[in-house]
Each structure stands twice: as C-alpha cells, then as structure tokens.
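Take a look at the structure set out below.
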Amino acid sequence: MQIFRILLVLSFFMIHSNAQSQVKPDAKLTNENLYRPRFHFTPQQGWMNDPNGMIFLNGQYHLFFQHYPDGTVWGPMHWGNATSRDLVEWKEQPIALYPDSIGMIFSGSAVLDKNNTSGLGRGGVAPLVAIFTQHNMPGEKAGRTDFQNQSIAYSLDEGKTWMKYAGNPVLKTPNLKDFRDPKVIWHAPTQKWIMNLAVADHVELYSSPNLINWRKESEIGKNLFAHGGVWECPDLLSFNVNGKTAWVLLVSMNPGGPNGGSATQYIVGDFDGHTFKPYSTDIKWMDYGPDNYAGVTFSNVGDRNILIGWMSNWNYANVVPTEKWRSAMTVPRELSLIKQEVYSKVNSSTNSNLLTNELLLVSNPVKELNNAFTEIISKENSIPNRIDIKDIKATDFEIVLSNTYNEKLIVGYQEDKKQFYIDRTNAGVSNFNQGFAAVAVAPRLSFAMNMDLSILLDKTSIELFADGGRTVMTALFFPTFPYTKWEIKSKEKMPSSYMKLYSLK
Ligand code: FRU
C-alpha cells in the first residue's frame, strides 16, 4: 500500500480522482444536503454566532452558542446548547438562556465552581456558573452608554437548566458602550477568578473571589497590536513551554482581519494574576483565513487548550446562502505554543529581516477527530474529507476541487512569496457579498525545507493546517453543485513519501 502511495505521489504532475460521472442537479439536491456540514456543528435551525460557555464535565463537552432560534439572521440573542462525548458528534439540546428584562444574552463563558466560592451550590453539588454579557437593546436604541453589563447564571444539573442570579448584573459598565464577552478562568496562584473583558480597543482584567464581586486589575492593548476594528471575545490561556508557563491572550477583532473582516489575533506574554505583560508588540494571527472568529477555549480540560471558533465572518454571515440555519463552528482545535525561529522585521526603513526566537501559537485538529475518519485508498472515491501530506518539498502547488459547472476551489502555495492561499473567486455562489469571491493569503511561518499539510474538507468549508499548524486558514465556499473532482497540480514534482486520504466514517 505504501508503494502504491509513493507511486501515486511521485508519478503525478496531476492526480485525479475521477468520480466525475455525468452529474446533473436533481430534485433531491436541497439546500440542506448541498450545504449542511457533515462534521461541523450547526444548529438544526435558526441563527448561530460565537461559541460560548464551553466546558467539559463528567465525560461530556458542553457547547453553548449565540443563537437566535426564530430567524436565520442575527436577532435577540439566546444561548443555544449542544453536547458531545467525543468532540465530533454534537447533540443539540434545549435553549439554555433566554433574554430577559436586563437584556439579550451575549457572549460569555462558564466555569465549574468546585469549591462553591459563589455560594450558589446546593446540597454538596458544585455549581456550574455562566458569566455573560447582557445587552439592553432599548438602552442602545435610546442612545444610552450603559447597555452592556455582565450577569451570571448557575446550573446544578450539569448545564441542563439554568437559574439566573437574583443580583444581576454583577459587573456594571462604567458607561462604556463596548463592554462585553467575559471569559473567566481560575488563577490558582492568587486563588482568584480572573475575567477578561473586551472593551472597544483593549482588554480589561478583573478579579473576584466568588464570581459575584469583581475588581478591576489592569488593562492591556490600547495603541498596541491590531486595531482595524472593535475588540471582542478575549481569552487568556496558559501553556507549559519547556517547564515554564507562558500566557496567550486571544483577541477577536472585527473588521481589520488579515484577509478582511473578522479575525483573531494573539499576544504572548506573562500573567501574574494582576497584569498581562506582552513579550513583544508584533501583530500575530491565530488563523489567517476569513472564516474563524470569536474562538475561545474549553474550561475544565486540564492542561489542554481546545478551541472552537465561529466559522464565519461578520462581512457576510447574515447573507450566506443557507436556508434553514446560518453558520457552523470550526472543528475543535488543540492549541500549543512552540518555540521556533521566525523572521521579524526589525527595521521597517531597510526592511531587513532578522532571525529571532519566538513563541508561536499553533493549531491542529484535536486528536479525537481522527476517530471520525477512515482511510481511503480507492481513487473512485470522490472528494476526501481529509488530506494529509507530509514531507513535501516547498514548491508551487495547487489542490483544485471542482464540479461540472466549472466552479473551483483552490488551495495552494507560492514559494517565491512564501505564502499559502485559498482562492474562492470562482468557487460557487458568491453574489450575496461583494468581497466574498476573493483569494485569501497567509505567510508560511516555518523555515523548514519540507512542509506538511493537513486539509479538512466539508460541504462548505476548508480548513488548512500547514507546517504542523503554524499557518492556519479557514474558509467557506458555496458550490452550486457538490465538487466531484480533485487534483493536485504542481510545476515541479512534489516528492513525498506520505499522502493519506480519509473520508468520514
Ligand atoms: C462577536 C460578538 C460579541 C457579542 C456577540 C453578539 O461576534 O459581536 O462581541 O457578544 O457577538 O451576538
């Protein structure tokens, strides 16, 4: 089999998978089976945006999400809910939190209050506490500045039902319009809860002994890092790097992303329970693609940092051509921080580059996802759901997915520019938004001679993890008919001893 694979790769300038029999659209080709992802979470119906309150508890992963159940465009926000035992299959659950007189339920997080610091536990049951923004629409419409405040709710039955805290809101806005998206973590050294809050152009850190009384500790980000849009959905994560703890602050920002619209930047630094001190002021992106936003990590998963992002972009999220639901989540991704040599521009006037040692945030699909796929060897199979290629020479190549309508999605690499790209200029339906049909680019961040790629393909999304997750791109596409053919094109041969194709089990 190995020989077959080597031959397959060595012999090509082009690989075809020719399941290209006479395909004609038929009546069975509903919007549902054309566009409903197979291994990315979508709500059965209605609108979804940011992942919220993600937490692992007694063998179950809990995903809450920004949800408007009564329409397929953004509307009065609820927290929808889904659970999974394996991070692959999600079961949608009844809505967890409904809007109330204080406001809609905007983004936030959830923690397990093991020691019942909040006093909200009963009969020895540790409460699950959700911390979220309540957005008061009448207040906003009336031109007030106090319409975003932080509230809490608690659950004593593992997230099935929630009680809102009677003393809400627990953290009132100091009359700042953008004051939202609390992500709370337990900081063991200071024995305090730490809340990261997005405040227009910076992140504010608050601490609390009990999740109810909050005190401001510090802020970070004004005039530093990317500021093409409003800062939203922060997250503060710790990593063990060679025995030392380093921290990463994730900050989503809309617009101003590297390929337009929404995107997530990250900042590496130290955190002592009070202030976050960045190691550098470089601008770095967690994912260069246009469609990974508002990503945050699961609570209560030990040393792991597992992120899910909203797989869309505010530029067009409300108008993508799905009918019954809108938006999907990215696959869960394992984040790690690695030391590697990267170029940093030391002198913009001479544009000279210097090699420095830096910490780089890398993302890869969680290992649990491997269980979802089975290897395919037959070329008869149509589009694989996953393509893994290892140890290829860094040379120009394109992987092209296409259908009989001449629609094409291209993911490729350009060695002279040292950049990856995803070209969806002619990938299918795009008239819903002017900027959608574009080429997104991302720098290669590895200096290794050879590269490896892992590509996940679902009905309307591609996720590229290059060089062990150093460069990541996520992009949506909407073909009018499913892609039925794929090929690899390259000027030079792409010698590789390893290519594996997988389809969903
Ligand atoms: C990010 C965001 C958050 C907000 C939520 C509202 O996509 O704008 O800042 O809490 O969506 O749905």
Side-chain angles (χ1 to χ4, degrees), residues 43 46-54 63-81 95-99 102-110 130-137 139-140 147-153 169 171 173 176-184 195-204 221 226-235 249-257 260-265 286-287 290-297 307-320 325-330 474 476:
W47 166 269
M48 174 175 80
N49 56 297
D50 315 355
N52 295 146
M54 293 192 291
L63 164 68
F64 300 90
F65 50 91
Q66 288 290 278
H67 188 35
Y68 179 43
D70 303 323
T72 49
V73 292
W74 190 89
M77 285 292 114
H78 301 54
W79 269 26
N81 183 205
I95 286 172
L97 292 169
Y98 286 82
I102 301 178
M104 303 173 180
I105 316 296
F106 269 24
S107 285
S109 50
I131 310 96
F132 47 88
T133 301
Q134 289 209 268
H135 181 99
N136 190 279
M137 209 40 127
E140 182 186 7
F147 53 85
Q148 292 195 339
N149 299 285
Q150 320 318 314
S151 288
I152 63 176
L171 175 61
T173 176
L176 293 167
K177 285 199 234 168
D178 294 299
F179 193 72
R180 61 176 177 272
D181 306 341
K183 179 72 161 76
V184 174
M195 178 199 290
N196 303 277
L197 205 63
V199 188
D201 61 352
H202 64 281
V203 168
E204 296 193 354
H227 282 285
V230 66
W231 282 23
E232 300 184 311
C233 300
D235 195 359
L249 183 63
L250 299 179
V251 180
S252 284
M253 187 184 74
N254 177 64
S262 322
T264 303
Q265 59 178 322
M286 180 178 74
D287 184 324
D291 297 302
N292 179 6
Y293 193 60
V296 285
T297 58
L307 176 130
I308 293 180
W310 173 46
M311 200 153 58
S312 197
N313 188 312
W314 280 117
N315 278 355
Y316 41 72
N318 276 289
V319 291
V320 294
W325 79 97
R326 269 209 183 90
S327 298
M329 295 299 181
T330 67
T474 305
L476 295 175

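Whatever order the structure lists them in is the order used to number ligands and atoms, beginning at 1. Heavy atoms only: backbone and side chains are in, while hydrogens, waters and symmetry mates are out.
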Problem set entry | Atom pair CD/CH2 of Q66 and W79 - distance to nearest 0.5 Å | 8.0 Å
Exercise. Would you say the side chain of T72 lies within less than 4.5 Å of the side chain of W47, judging by non-hydrogen atoms?
Worked result: no
For this session: Would you mind listing which atoms of ligand 1 come within a distance below 4.0 Å of any non-hydrogen atom of Q66?
Result: 5 (C), 6 (C), 12 (O)
Seminar exercise, completed: Counting from 1 in the order shown, the ligand 1 atoms closer than 4.0 Å to a non-hydrogen atom of N49 are 5 (C), 6 (C), 7 (O), 11 (O), 12 (O)
For this session: Please work out whether any backbone atom (N, CA, C, O) or any side-chain heavy atom from C-beta onward of N254 is under 4.0 Å from ligand 1, and answer side chain, backbone, both or neither.
Result: neither
For this session: Could you check if a side-chain atom of H78 sits within less than 4.5 angstrom of a side-chain atom of P99, using non-hydrogen atoms only?
Result: yes
Exercise. After noting the C-alpha distance and the side-chain angles of N313 and Y293, does the key distance pass the side chain to side chain contact (heavy atoms under 4.5 Å, CB included) rule?
Worked result: CA-CA 7 Å; N313 188 312; Y293 193 60; over 6 Å; no
Problem set entry | Salt-bridge present (D181, K183; N to O < 4.0 Å) | no
For this session: Taking only heavy atoms of M77 into account, list the atoms of ligand 1 that are under 4.0 Å away from them.
Result: 12 (O)
Problem set entry | Worked verdict on E232 versus D50 for side chain to side chain contact (heavy atoms under 4.5 Å, CB included) | CA-CA 10 Å; E232 300 184 311; D50 315 355; over 6 Å; no
Seminar exercise, completed: So the atoms of ligand 1 within less than 4.0 Å of a heavy atom of S107 turn out to be 5 (C), 10 (O)
For this session: Before signing off on this row, confirm whether Y293 and ligand 1 have an N or O atom pair separated by under 3.5 Å.
Result: no
For this session: Would you mind listing which atoms of ligand 1 come within a distance below 4.0 Å of any non-hydrogen atom of D181?
Result: 3 (C), 4 (C), 9 (O), 10 (O)
Problem set entry | Enumerated ligand 1 atoms positioned under 4.0 Å from heavy atoms of D50 | 1 (C), 2 (C), 3 (C), 5 (C), 7 (O), 11 (O)
Exercise. With atoms numbered from 1 as shown, which atoms in ligand 1 lie under 4.0 angstrom from a non-hydrogen atom of E232?
Worked result: 1 (C), 2 (C), 3 (C), 7 (O), 8 (O), 9 (O)
For this session: Find all atoms of ligand 1 within a distance of less than 4.0 Å from any non-hydrogen atom belonging to W314, and give their numbers and elements.
Result: 1 (C), 7 (O)
Problem set entry | M77 and N52: CA distance, side-chain angles, deciding distance, side chain to side chain contact (heavy atoms under 4.5 Å, CB included) verdict | CA-CA 12 Å; M77 285 292 114; N52 295 146; over 6 Å; no
